[in-house]
Amino acid sequence: MNAPRSDLPVRTWTDHTHVPYYLYTDDAVYRQELDRIFYGPFWHPVALEAELPKVNDYKTIVVGETPLIVTRVGADEFAVLVNACAHRGVQITTEFKGSATDFSCPYHAWAYDNCGNLRNVPGEDRFPDNFDKRHYGLRRLRAQLWNQVLWATFDDAAPPIEEFFGEVADSIRAALGGGDRKLQLLGYQKIVFNCNWKVYMDNDGYHAGLLHTAFRMLNYQGGKADLVADGAAGHWGSHYGAHRMVDNGYLADASLVMTEGDERTAAVNLLRPVTQVVKHLNAMNFRFGRPLGPDKTEVHYTYLAFADDPPELLQHRIRQSANLLGPSGFVSIEDGSMFERVQKAMGAPGGEINFLKGLKESPDGHHSLQNDEAGNTPWWRYYKQVMGL
């Protein structure tokens, strides 16, 4: 176990099911999280294969506070590059998406191919004799395509992907359609929640029927299932056969919340540190998150369909996606308000977050029920360890 850093405000914390407020608010804690979690032995999703359909397509993303360029450099080959010139640290590109065979730094025109190799340097004849372009490429991260998602890590000690996710891998596959059908991109929404990234990831099934108005007004029960928390960092996931909606007359157009075709599997996954993957009715989305400091979290909602969807089903998915599971969707509109209210309440000195429901039957939190919060506790046990607290 790592020893705690001397500049952290470490106080007595013995029970990982009761988490002190300061771990969500303190800047020194946040800085160590960047070091040990975001740049540590974790796999981060950086792109969906469907986002980069053609060779030379690229997108940019930020993991922790590090900007990255993700490029498709071959039919089945991708490169994940730190978006910082090896010369003076300038951000190479600020475009969200595009297509390019090479990248040129705007400051001094150092030019790189899309694998990150330095190809051209103006004024090189006046550099020291030992200058070698091979030593000045963009940093390239270890990356792997898994379940049509490209994952990357800053740490070569990160375990193999299947080991990293453990039993939760099955639920991730279920959320992305089982892995047999190619996905296609529908579009994006972006939101900033006024809360710590861990508040966003503390979400659970316990609150769903109590908080969300749509569940009550539509008299909807999604199904009952086990929740599995597993893998190297306490990820959790649940997938189950969902009941179809029954029109109770509340909506003028109930087709919005109906399931078309034979899709009956619903799934929800929280993947550490800050990713969520959700399938509900005909809506599928992948949520790329990033911290913006100790008290703000940016989330990119990425909506998906299957590449072989007929036109009518494709339109239904487009209509249902943001309206159902987006940041202002029927099912999730109240969440952002709760996240902010949790963060505001953390000004109380000596307070703590408590995880309780489900621990009676599952003290270790590894196998609980869909509507419990016990599944969050393996993460917090791991967090204590990786942070050296």
Side-chain angles (χ1 to χ4, degrees), residues 1-44 63-65 153-155 157-159 163-168 195-204 206 227-237 269-276 289-291 293-295 297 339 342-343 345-346 348-368 372-389:
M1 180 183 296
N2 296 319
R5 262 178 30 186
S6 59
D7 58 341
L8 284 186
V10 178
R11 302 158 201 166
T12 302
W13 183 30
T14 58
D15 186 349
H16 64 276
T17 68
H18 304 282
V19 183
Y21 282 171
Y22 73 85
L23 293 177
Y24 298 87
T25 60
D26 188 87
D27 189 70
V29 169
Y30 168 67
R31 290 290 151 195
Q32 180 156 325
E33 289 170 348
L34 291 176
D35 238 11
R36 298 196 175 190
I37 294 175
F38 288 90
Y39 309 142
F42 283 73
W43 287 98
H44 306 277
V63 172
E65 293 186 354
T153 179
F154 289 84
D155 191 338
E163 179 183 329
F164 182 68
F165 290 122
E167 291 183 58
V168 181
C195 68
N196 183 272
W197 64 273
K198 301 184 298 299
V199 170
Y200 170 68
M201 290 296 287
D202 280 341
N203 220 359
D204 54 71
Y206 181 15
L227 187 150
V228 175
D230 198 29
H235 319 281
W236 69 249
N269 303 275
L270 272 69
L271 311 178
R272 313 298 176 178
V274 59
T275 300
Q276 297 184 14
R290 59 169 288 211
D295 59 357
T297 303
F339 298 155
V342 170
Q343 193 72 30
M346 287 178 177
E352 63 182 17
I353 295 289
N354 299 293
F355 298 94
L356 302 167
K357 189 168 185 283
L359 290 176
K360 182 177 181 179
E361 296 82 9
S362 180
D364 65 5
H366 284 298
H367 290 87
S368 56
D372 287 341
E373 57 187 353
N376 283 323
T377 60
W379 153 251
W380 281 105
R381 185 188 301 114
Y382 176 79
Y383 179 92
K384 279 172 60 76
Q385 176 185 354
V386 77
M387 290 286 288
L389 300 176

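Computed from heavy atoms alone, side chains included, the values below leave out hydrogens, waters and symmetry copies.
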Compare every heavy atom of Leu356 with every heavy atom of Glu373, then report the nearest pair and how far apart it is.
OE2-N, 2.7 Å
Go through the structure and list residues passing salt bridge (charged side-chain N to carboxylate O under 4.0 Å, His left out) with Glu167, not counting sequence neighbours.
none
Does the separation of the ring centres of Tyr383 and Trp380 fall below 6.0 angstrom?
yes
Would the distance check show the side chain of Gln343 and the main-chain N or O of Asp295 forming a donor-acceptor pair, the cut-off being under 3.5 Å?
no
Please report the shortest heavy-atom distance between Asp372 and Lys357, naming the atom on each side.
OD1-NZ, 3.1 Å
If only atom types and distance count, is the side chain of His235 paired as donor or acceptor with the main-chain N or O of Arg272 below 3.5 Å?
yes
Mind checking the CZ-CG spacing from Phe339 to Asn203? Nearest 0.5 Å is all I need.
4.0 Å
Backbone N or O of Pro294 within a donor-acceptor pair of the Asn196 side chain at under 3.5 Å?
yes
Say you draw a straight line from CD of Gln32 to CD1 of Ile37; how long is it, rounded to the nearest 0.5 Å?
8.5 Å
If I compare all heavy atoms of Pro159 with all of Ala232, which pair ends up nearest, and what's the gap?
CG-CB, 4.2 Å
Determine, step by step, whether Phe38 and Trp197 satisfy the ring pair (Phe, Tyr, Trp, His ring centres under 6.0 Å) criterion, reporting the C-alpha distance in whole Å, the side-chain angles of both residues, the deciding distance to 0.1 Å, and the verdict.
CA-CA 12 Å; Phe38 288 90; Trp197 64 273; 5.1 Å; yes
Does the Thr153 side chain pair with the main chain of Pro41, one donor and one acceptor, at a distance under 3.5 Å?
no
Please check if the side chain of Asn269 supplies one atom and the backbone of Leu271 the other of a donor-acceptor pair under 3.5 Å.
no
Could you tell me the separation between the CD atom of Glu352 and the CG atom of Leu23, rounded to the nearest 0.5 Å?
11.0 Å
So with a 6.0 Å cut-off around OH of Tyr21, is the heavy-atom count from everything else above 12?
yes
Tyr22 ring center within less than 6.0 Å of Trp13 ring center:
no
Might you point out which heavy atoms bring His16 and Thr377 nearest each other, and give the distance in Å?
CD2-O, 3.2 Å
